[in-house]
Visitor: 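Sharing a structure below in structure tokens format, with a few things to ask.
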There are 2 protein chains.
Amino acid sequence: MTAIKKTSTIQENKQYALETCPVTYTMEKIGSYWKPIILYHLSTGDKRYSEVKRMIPAITEKMLIQHLKQLESDGLVIREARPVVPPFVTYKLSNSGIGLLPVIEAMATWAFQEKDGIFKP
Amino acid sequence: MTAIKKTSTIQENKQYALETCPVTYTMEKIGSYWKPIILYHLSTGDKRYSEVKRMIPAITEKMLIQHLKQLESDGLVIREARPVVPPFVTYKLSNSGIGLLPVIEAMATWAFQEKDGIFKP
DNA sequence: CATGATACATACTTTAGGGTAAGTACTTGT
DNA sequence: ACAAGTACTTACCCTAAAGTATGTATCATG
């Protein structure tokens, strides 16, 4: 009979948290630094891979495709590749991705408000 | 004359990105897994430290105070400590934090919609 | 004939974030 | 006298994420 530590075994609770807390659920899908930024840049329309790359100079190529793949497999963006050479690949938001735009827009809105100092006394 | 690598030195661009992209700006403040979840639980009113802890069983104490401290120093939450013993400390949203609620609520809304499958064909 | 553009893939290394565990100070309860 | 509750703090470790660098296929262009 080993003693049960209070702070241990966080993983069991995580599944519970996922089913319980809607924000946790969303965080599992877009809760990384780059994903909302990518979605933001896709919100203005379909973009080629290289276009997205140019719009986010701070991201490395590895991070960019890695997150694009994850977003794709989570059903948030749709990848379309034309079988031509040189390759022509576009990414666009899926319906789920479009559904996330209120989140992204709220983020942008807050940033402008915060910079304007409207929350200051 | 050392050759300049295309993918290198991301940090210079990051400052530029911060000033340019509003979503990047917001991500610097709440772009971690736990922060939106904490803000979500504070959105229903002031909470004692131990209350927040109980509301988010999946988080460790270390992560919880670490993020609370960061949120405090970023001006998103306000910490109030009564000089009593045992300690009585409450956390609440600042004006900036309240300004973020549309973001958090949009996240929650999306989660429910996604689970209901309303984005499916 | 070698360079550039396209959209990636991959090996390797580093770093930072997160987890585990234990400790602190003070009081109330049993 | 000892445990329990409060709100933390600190040290240590470990893994997953991110950065670095290079490679791939194909064609157009100079």
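Just so we're on the same page: letters track the sequence lines, and every chain starts at 1.
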Visitor: Give B/R79 one of three labels, base, sugar-phosphate or nothing, depending on what nucleic acid heavy atoms sit under 4.0 Å from its own.
Guide: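 The answer is sugar-phosphate, as B/R79 gets under 4.0 Å only of primed atoms, P, OP1 or OP2.
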
Visitor: Would you say the side-chain atoms of A/W110 pair up with the backbone N or O of B/S96, donor to acceptor, closer than 3.5 Å?
Guide: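 Yes: the side chain of A/W110 pairs with the backbone of B/S96.
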
Visitor: Under a 3.5 Å distance rule, please check whether A/T90 uses its side chain to pair with a backbone N or O of A/D46 as donor and acceptor.
Guide: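 The answer is no, because no donor-acceptor pair under 3.5 Å joins these two groups.
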
Visitor: Return the 5'-most residue of the pair A/H67, B/P87 with respect to DNA chain D, ranking by each residue's nearest nucleotide.
Guide: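 Taking each residue's closest nucleotide, the earlier one in sequence belongs to B/P87.
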
Visitor: For A/V85 and for B/T90, locate the closest nucleotide of DNA chain D by heavy-atom distance; then report the residue assigned to the nucleotide nearer the 5' terminus.
Guide: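 On the 5' side of the pair lies B/T90.
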
Visitor: Taking the side chain of A/T60 as heavy atoms from C-beta outward, which of C/dC8, C/dG19, D/dG19 is closest to it?
Guide: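 Of the options given, the side chain of A/T60 lies nearest D/dG19.
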
Visitor: Of the options C/dA5, C/dG18, D/dA7, whose atoms approach the side-chain atoms of A/P86 most closely?
Guide: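 Nearest to the side chain of A/P86 among the choices is C/dA5.
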
Visitor: Picking from B/V77, B/I104, B/I37, what satisfies side chain to side chain contact (heavy atoms under 4.5 Å, CB included) with B/L42?
Guide: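 One option only clears the test, and that one is B/V77.
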
Visitor: Check whether B/K35 reaches the backbone of B/Y33 with its side chain - one donor and one acceptor, N or O, closer than 3.5 Å.
Guide: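 Not a single qualifying donor-acceptor pair exists.
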
Visitor: When you measure only distances, ignoring hydrogens and angles, does the side chain of A/K53 come within 3.5 Å of the base of C/dA7 through a donor and an acceptor?
Guide: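 Not at all, since no donor on one side and acceptor on the other fall under 3.5 Å apart.
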
Visitor: Keeping B/S94 on the side-chain end and B/G75 on the backbone end, is there a donor-acceptor pair under 3.5 Å?
Guide: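 Confirmed, B/S94 side chain pairs with B/G75 backbone.
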
Visitor: Please give me the minimum heavy-atom distance between A/S32 and A/H67, naming the atom from each residue.
Guide: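 Between these two residues, the closest heavy atoms are OG-NE2, 3.5 Å.
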
Visitor: Checking contacts here: which listed nucleotide (C/dG19, C/dA11, C/dC8) is nearest the side-chain heavy atoms of B/M63?
Guide: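 Shortest atom-to-atom distance from the side chain points to C/dG19.
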
Visitor: Using a heavy-atom distance cut-off of less than 4.0 Å, which residues of residues 39-50 of chain B contact DNA chain D?
Guide: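 The stretch gives B/R48, B/Y49, B/S50 as the residues lying under 4.0 Å from the strand, ordered by number.
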
Visitor: Do any side-chain nitrogens or oxygens of B/Y33 fall under 4.0 Å of OP1 or OP2 in C/dA16?
Guide: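 The answer is no; no side-chain N or O of B/Y33 sits under 4.0 Å from OP1 or OP2.
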
